[in-house]
Amino acid sequence: MSVTVVGSLNEDVVVTVDRLPGRGETVIGSAVAVLPGGKGANQAAAAGRLGTGVHMVGRVGADPAAGRQLAALADARVNVGRVQRTEGTPTGTATIPVEADGGENLIVVVPGANAELTPADVDVESVHRAGVLLLQLETPLDTVRAAAAATRGTVVLNPAPSQPLPADLLARVDVLVPNEHELRQLADAPAGELSPAELAELARGLGARSTVVTLGARGALVVPADGPAHVQGPPPVRPVDTTGAGDCFCGALSSALDRGETLADAVRYAVTAAALSTTGAGARGALPDDDEVQALLA
Ligand code: ATP
């Protein structure tokens, strides 16, 4: 089988500053890095690096950034035959000033060609026949909905960036993968600390079959369709940069589900892969291969 990702491709322009500018203020940056990004492409790259067959469905512009994004995905062994170039619209861009001491950042996303991905674009064989269809919310909601309706595979939805979801889409989702913030927003939960049991109760009310809530350094909460919820902790690692850990998690989870692993085993695999991804800089800087994950699982 294989994993098909329907989602975004962005160019990330990361600018290092001592301090984020205030409104109307100019500050001088000390470095700029142009990196491949976009939640869809990051998740596809994670699954590709793990050795899974991956097809990417998306849109880029007809500009130099598009070539860089496609090359980066191909380098991660992702099939990009269904990524279309869109005349007259730029490749999606995220501009990210980040404080040098690893503190605060700001993110401005221009969706560009990602916003042009239509339901007709996802009426393709790689979506129909996917073992796992992996979706996020950086492309139009109607397109995400159409993809989920068109596939015979397992539907994994990472509801990021967070937005209200229609019941018909949630009913098609086999595994919903929010972080805690996204879960709270989807469930309209009040502020305040919640126990894993309380988070599981919120998750069960959403309408997806199963839910996996990512909990950062605490690992992930597995809320299966039937049976009790449990927390899967991460292996001991020394995190350097957690950017993109959530994307690595989703790609790895989809890889393991595509191989036929149970949800609990797939989450154990994803927690391990995501932990390894935090040991290097950048969203795609330390994506592990399958051997590295298996070595840590053994
Ligand atoms: P991001 O948006 O930064 O990619 P996220 O908010 O979507 O992240 P998180 O819950 O922060 O998602 O992290 C996803 C997964 O990555 C976690 O479930 C966990 O398995 C792993 N992870 C994140 N931070 C750490 C850490 N400090 N140590 C070990 N594993 C981590």
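Start at 1 and go down the list; that is how both ligands and their atoms are numbered. Numbers for residues simply follow the sequence, beginning at 1.
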Does any N/O atom on [X] come nearer than 3.5 Å to any N/O atom on ligand 1?
{"X": "Val237", "value": "no"}
{"X": "Gly216", "value": "yes"}
{"X": "Thr243", "value": "no"}
{"X": "Ala274", "value": "no"}
{"X": "Gly246", "value": "yes"}
{"X": "Lys39", "value": "no"}

Closer than 4.0 Å to some heavy atom of [X] - which atoms of ligand 1 meet that?
{"X": "Gly244", "answer": "3 (O), 4 (O)"}
{"X": "Leu215", "answer": "10 (O), 18 (O)"}
{"X": "Thr214", "answer": "9 (P), 10 (O), 12 (O), 14 (C), 18 (O)"}
{"X": "Gly219", "answer": "17 (C), 18 (O)"}
{"X": "Asn179", "answer": "5 (P), 6 (O), 7 (O)"}

Which bit of Ala217 gets closer than 4.0 Å to ligand 1, counting heavy atoms only: side chain, backbone, both or neither?
->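 Both the backbone and the side chain of Ala217 come within reach of ligand 1.
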Should the proximity of Thr242 to ligand 1, defined as any heavy atom under 4.0 Å, be assigned to the side chain, the backbone, both, or neither?
-> both
Is there a side-chain contact between Asp121 and Gln84, using heavy atoms and a 4.5 Å cut-off?
->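 They are in contact (side-chain heavy atoms under 4.5 Å apart), so the answer is yes.
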Got Val54 and Arg77 here, is their nearest side-chain heavy-atom distance under 4.5 Å?
->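 Val54 does not reach Arg77 side chain to side chain.
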Protein non-hydrogen atom found under 4.0 Å from atom 2 (O) of ligand 1 =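 So atom 2 (O) of ligand 1 lacks protein heavy-atom neighbours under 4.0 Å.
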Any salt bridge (Lys or Arg N to Asp or Glu O under 4.0 Å) pairs touching residues 240-251, not counting sequence neighbours?
-> none
Rounded to the nearest 0.5 Å, what separation is found between the OG1 atom of Thr86 and the CD atom of Glu116?
->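 One finds 6.5 Å between OG1 of Thr86 and CD of Glu116.
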ILVMFWY cluster, Val98 and Val13 together (side-chain gap under 4.5 Å) | no
Out of curiosity, does Leu134 fall in the hydrophobic cluster containing Leu263 (side-chain heavy atoms, cut-off under 4.5 Å, transitive links)?
-> yes
Evaluation steps, side-chain hydrogen bond (donor to acceptor under 3.5 Å, both in side chains), between Glu182 and Ser162 = CA-CA 6 Å; Glu182 290 147 3; Ser162 181; over 6 Å; no
Between Gln43 and Gly40, is there a donor-acceptor pair closer than 3.5 Å when you use the side chain of the first and the backbone of the second?
-> no
Name the option, out of Ala270, Cys248, Ala275, that contains the heavy atom nearest to atom 30 (N) of ligand 1.
->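 Among Ala270, Cys248, Ala275, the closest heavy atom to atom 30 (N) of ligand 1 comes from Ala275.
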Strictly by modelled atom types, are Thr139 and Asn114 linked by a side-chain donor-acceptor pair under 3.5 Å?
->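 There is no such pair between these side chains.
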Set of side-chain hydrogen bond (donor to acceptor under 3.5 Å, both in side chains) partners for Arg85, sequence neighbours left out |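 Listed in chain order: nothing, the list is empty.
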